[in-house]
Amino acid sequence: MTAAEKQRVMQMLDEIDRSQLDRILASVEAFGNWLYNQAYSIYCKVRDSLRSLWQSICNFFS
């Protein structure tokens with residue numbers, strides 16, 4: 001995942017209202033489903049390390 005792709009994911013999440021963000025980040029499965037639907041090409045790159053990406057994003061938004 002490139003820095004630009006990570007920035008894109010963070011920007012997309014930052015634009016979401018807090019209640020929806022909480023639902024997306026509630027579990028790695030919910031985050032994976034969201035990423036799959038919103039940025040499939042990025043999802044394909046990170047699907048094997050999705051848990052790690054999810055954890056770092058959760059830490060950022062907490």
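Reckoned from all heavy atoms, side chains included, excluding hydrogens, waters and symmetry mates.
Here side-chain hydrogen bond (donor to acceptor under 3.5 Å, both in side chains) pairs that include residues 52-62, with residues two or more places apart or in two chains, are Q55-N59. Residue pairs that meet the salt bridge (Lys or Arg N to Asp or Glu O under 4.0 Å) test with at least one member in residues 31-45, sequence neighbours left out, are E5-K45. Judged as a salt bridge (Lys or Arg N to Asp or Glu O under 4.0 Å), the pairs with a partner in residues 20-40 (not counting sequence neighbours) are, in order, R18-D22.
Heavy-atom neighbours of F61 CZ from other residues, nucleotides or ligands within 6.0 Å: above the threshold of 12.
Partners of S19 under the side chain to side chain donor-acceptor pair (under 3.5 Å) rule, at least two apart in sequence or in another chain, are D17. A search for salt bridge (Lys or Arg N to Asp or Glu O under 4.0 Å) contacts involving K6 returns nothing, not counting sequence neighbours.
At least one side-chain heavy atom of L13 sits under 4.5 Å from a side-chain heavy atom of F31. Side chains of V9 and V46 form no contact here, defined as non-hydrogen atoms less than 4.5 Å apart.
For the atom pair CH2 of W34 and CD1 of I16, the computed distance is 5.0 Å after rounding to the nearest 0.5 Å.
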May I have the list of side-chain donor-acceptor pairs in residues 37-44 shorter than 3.5 Å, sequence neighbours left out?
residue, atom, partner, partner atom, Å
N37, ND2, N33, O, 3.0

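Here the options are L25, L35, I24, the test is side-chain contact (heavy atoms from CB on, under 4.5 Å), and the partner is I57; only L25 passes.
Between L50 and G32, the shortest heavy-atom contact is CD2-CA, 3.5 Å.
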